[in-house]
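Report on one structure; see the data block that follows.
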Amino acid sequence: MHRVLISDPLSEDGIKPLLEAADTEVIQKPSMEKEELLEEVAKADALIVRSQTQVTKEVLEHGVNLKIVGRAGVGVDNIDLDAATDNGVVVVNAPDGNTISTAEHTMAMLMSMARNIPQAYHSLQQGNWDRKKYVGVELKNKTLGVVGFGRIGRVVTRRAKGHRMNVIAYDPFLTREKAEKAGVEHGTLDEVLALADFITVHTPLIAATHHLINKDAFAKMKNGARILNCARGGIIEEEALYEALQSGKIAGAALDVFEEEPAINNKLLELPQVVSVPHLGASTVEAQENVAVDVSNDVMEVLRGGNAKQPVNIPSIPEEMQDKLTPYITLSEKLGAFLGSIVRGGLNNINVYYSGELTDVDPTPLTRKVVKSVLQLFVGNRVNDVNSYKIAKDKGIEINEQKTTSTKGFTNLLTVELETDEETRSIAGTLLNGLGARVVRLDGYSVDVIPEGHLISIHHKDQPGAIGRVGSLLAEHDVNIATMQVGRTDIGGAAIMILTIDKEVGPECQEHLAHVEDINRVQYLKL
Ligand SMILES: NC(=O)c1ccc[n+]([C@@H]2O[C@H](COP(=O)([O-])OP(=O)(O)OC[C@H]3O[C@@H](n4cnc5c(N)ncnc54)[C@H](O)[C@@H]3O)[C@@H](O)[C@H]2O)c1
Ligand SMILES: O=C(O)CC[C@@H](O)C(=O)O
């Protein structure tokens, strides 16, 4: 039974997949104090949050059984991603579910600010009929500057063009060609700041965007420009905004988000030219249901052993590649486990080579499976797909991935090479149509082995009787041989045999085998 803790308010309809799943127990506890959150997360297999819960390093370290943190929304700045990765916890978000709601909210805030609607409403509520005081401005023919031209920035642009606004956009990943296709003017940040009558930010809150709109930025803006933040508090430096509003440089601001939330006693809220609401961009029935459904499905997929569809802290397998790559996942894991079981010495390099049809895909997800399988044998089961690369890096283990043309006659070939401070060993495997994974080379010898169950790898001298002696000794230990593969480089020279056997071979039997004439090296492994 998977235990799923939900620590922020989510749409009941949206989490129905979780509530109705036979293998999940859902604990909904919004607005927990820190101590209770730490207690509850220690019992949880999954944690689902919105933007209120701070998923800190401490929370993640208390989540000793946590496999996944689901963010029912876009921004993950309330989650310590590095700590999640270090603790082998995958973080997923729901990047599409609230795009429309937030874009519509941005337009609502834009028009409220342009026409002083909240201020006029409050004035009328106080019994004033003051029409001159709240004269606003039109949007038509005005220039909207969009900083951050992603999902929400693009929808805001379409809505603004519907109001006959001119749009100029800045985004480090926006090319002139893409801007032209989207029907917007491409600008640098400075150009957007200089030309826009209204500026709206739609970037994530990351180091590069923290205080992106600061005192210098305000100085570059048109006198009387207006600014919106329906993305994240902190993108606009609030102290600088306050000064720009007080000086009259900036005519107005519409704020959905704040550097510190809840934004109680924030001095910006005292200014008459500021329109503000408590982080409502995604607060619609539709958005909350969308993000809850998306994140619930991803959480259940991962808890049931599947791959995350919207991972934030590991590369995702593109939907269109999942069918092609999934069959190779088992092969990758088996090859890594096989070679990792028999290699000696301290691990320095994990090299993975792809050839044949595997050169047509991005094989990184497969390399990640190899690395996890190898490291688990050196570090233990706390290694998983999420933290394997970080653990390898921390241990100074280099990971190399390469596509080669040498398929050795196979339609697909995956080769794993482990370099240690004592030796370099390699294994290659393929997928045979309908027959599954096969090991076809070990240390350069040609073999044909199904990598599963109990196996013995033996390096020996190619001499008459060597194989018989191994068989006889195993018989003495009541070990039955299921299959035997023998490979050699030349007659009378070095050779290898790989046996699949019916049960585990204990240390005593391995010791006896290692002392058989012409036997150089014996290794038992279980896959
Ligand atoms: N107010 C709300 O309730 C609410 C709701 C949803 C999203 N958001 C916030 O809005 C942000 C944007 O959401 P989205 O779905 O459009 O995300 P997105 O990832 O689709 O788009 C973000 C864009 O920002 C761009 N960007 C990154 N760094 C930049 C920089 N230095 N300068 C300019 N652009 C930069 C990226 O290239 C990307 O195109 C989210 O990260 C989230 O924090 C807020
Ligand atoms: O959960 C919310 O209401 C806010 C979510 C929003 O800020 C987001 O980043 O998706």
Side-chain angles (χ1 to χ4, degrees), residues 6-11 14-15 30-31 48-55 70-79 81 91-110 145-159 168-175 178-179 182 184 186-193 199-214 217 228-236 254-259 261-263 276-292 294-295 310 312:
I6 299 176
S7 62
D8 285 331
L10 289 193
S11 153
I15 59 171
S31 313
I48 299 181
V49 301
R50 280 175 61 182
S51 52
Q52 293 93 319
T53 299
Q54 296 305 307
V55 188
R71 168 70 168 90
V74 182
V76 289
D77 40 279
N78 56 319
I79 300 168
L81 295 179
V91 177
V92 299
N93 73 343
D96 302 305
N98 61 27
T99 300
I100 298 299
S101 291
T102 309
E104 291 179 352
H105 182 68
T106 302
M107 292 308 294
M109 296 288 276
L110 173 65
V146 178
V147 178
F149 201 65
R151 295 177 181 85
I152 295 171
R154 289 169 185 274
V155 177
V156 168
T157 294
R158 289 199 291 273
R159 299 294 192 275
I168 180 169
Y170 163 69
D171 186 312
F173 299 97
L174 179 65
T175 63
K178 287 179 185 173
V184 300
H186 176 275
T188 64
L189 178 59
D190 284 356
E191 288 166 339
V192 169
L193 298 175
I199 293 164
T200 185
V201 296
H202 297 287
T203 75
L205 178 61
I206 52 181
T209 62
H210 182 256
H211 289 182
L212 180 68
I213 310 298
N214 57 19
L228 300 96
N229 190 353
C230 294
R232 269 300 175 278
I235 298 168
I236 298 173
L255 305 176
D256 181 62
V257 290
F258 300 86
E259 292 199 57
E261 295 183 3
S276 55
V277 293
H279 201 152
L280 298 179
S283 297
T284 63
V285 171
E286 295 84 356
Q288 286 313 305
E289 183 167 338
N290 292 341
V291 295
D294 291 348
V295 82
Q310 294 291 352
V312 173

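Quick note: numbers below take in every heavy atom, side chains included, and nothing from hydrogens, waters or symmetry partners. Both ligands and their constituent atoms are indexed starting at 1 by order of listing. Residue numbers count from 1 along this sequence.
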- Out of Q52, H279, E261, indicate the one that has the non-hydrogen atom closest to atom 7 (O) of ligand 2. H279
- Task: Before signing off on this row, confirm whether S283 and ligand 2 have an N or O atom pair separated by under 3.5 Å.
- Result: no
- Query: Does N98 come within less than 4.0 angstrom of ligand 1, counting non-hydrogen atoms of the residue?
  - Reply: yes
- Element-labelled atoms of ligand 1 that are located less than 4.0 Å from some non-hydrogen atom of H279: 1 (N), 2 (C), 3 (O)
- Message: For atom 25 (C) of ligand 1, what is the closest protein heavy atom, and at what distance to 0.1 Å?
- Response: D171 OD2, 3.2 Å
- Atoms of ligand 1 under 4.0 Å from any heavy atom of F173, numbered from 1 in the order shown, are 37 (O)
- Name the closest protein heavy atom to atom 5 (C) of ligand 1, giving the residue it belongs to and the distance to 0.1 Å. T102 OG1, 3.1 Å
- Task: Identify, for atom 18 (P) of ligand 1, the protein heavy atom at the shortest distance, and state residue, atom and that distance.
- Result: R151 NH1, 3.8 Å
- Item | Region of H202 that comes within reach of ligand 1 [heavy atoms, distance under 4.0 Å] | backbone
- Task: Identify the protein heavy atom lying closest to atom 10 (O) of ligand 2, giving its residue, its atom name and the separation to 0.1 Å.
- Result: V74 N, 2.6 Å
- Task: May I ask whether G281 has any heavy atom positioned less than 4.0 angstrom from an atom of ligand 2?
- Result: no
- Heavy-atom contact under 4.0 Å between G73 and ligand 1? no
- Heavy-atom closest pair (V49 atom, V55 atom, distance to 0.1 Å) is CG1-CG2, 3.9 Å
- Query: So do D294 and Q310 actually touch side chain to side chain, heavy atoms under 4.5 Å?
  - Reply: no
- Query: Of the non-hydrogen atoms in V192 and V146, which two are nearest, and what is the gap between them?
  - Reply: CG1-N, 4.3 Å
- Heavy-atom distances under 4.0 Å are what count here, so tell me which part of H105 touches ligand 1: side chain, backbone, both or neither. neither
- Message: Among all protein heavy atoms in this structure, tell me which lies nearest to atom 9 (C) of ligand 1, with the distance rounded to 0.1 Å.
- Response: A231 O, 3.5 Å
- Message: Students should be able to answer this: which protein heavy-atom is nearest to atom 35 (C) of ligand 1, and at what distance?
- Response: P172 CD, 3.5 Å
- Query: Any N or O on A231 sitting closer than 3.5 Å to an N or O of ligand 2?
  - Reply: no
- Item | Min N/O separation C230 to ligand 1 under 3.5 Å | yes
- Show which atoms of ligand 1 fall inside a sub-4.0 Å distance from at least one heavy-atom site of A282. 3 (O)
- Message: At under 4.0 Å between heavy atoms, is it the side chain or the backbone of I152 that contacts ligand 1, or both, or neither?
- Response: both
- Going by heavy-atom distance to atom 5 (C) of ligand 2, choose the closest among R50, R71, R232, Q288. R71
- Query: Which atoms of ligand 1 are found less than 4.0 Å from any heavy atom of P204?
  - Reply: 22 (C), 24 (O), 27 (C), 41 (O)
- Task: Can you see which heavy atom on G75 is nearest to which on R232, and at what distance?
- Result: CA-NH2, 3.5 Å
- Query: Can you name the closest pair of heavy atoms from D171 and G150 and give their distance?
  - Reply: OD2-N, 4.0 Å
- On a heavy-atom basis, the closest approach of A72 and V291 is O-CG2, 3.6 Å
- Item | Top protein contact for atom 21 (O) of ligand 1, by heavy-atom distance | G150 CA, 3.3 Å
- What pair of heavy atoms forms the shortest contact from H279 to E261, and how long is it? ND1-OE1, 2.8 Å
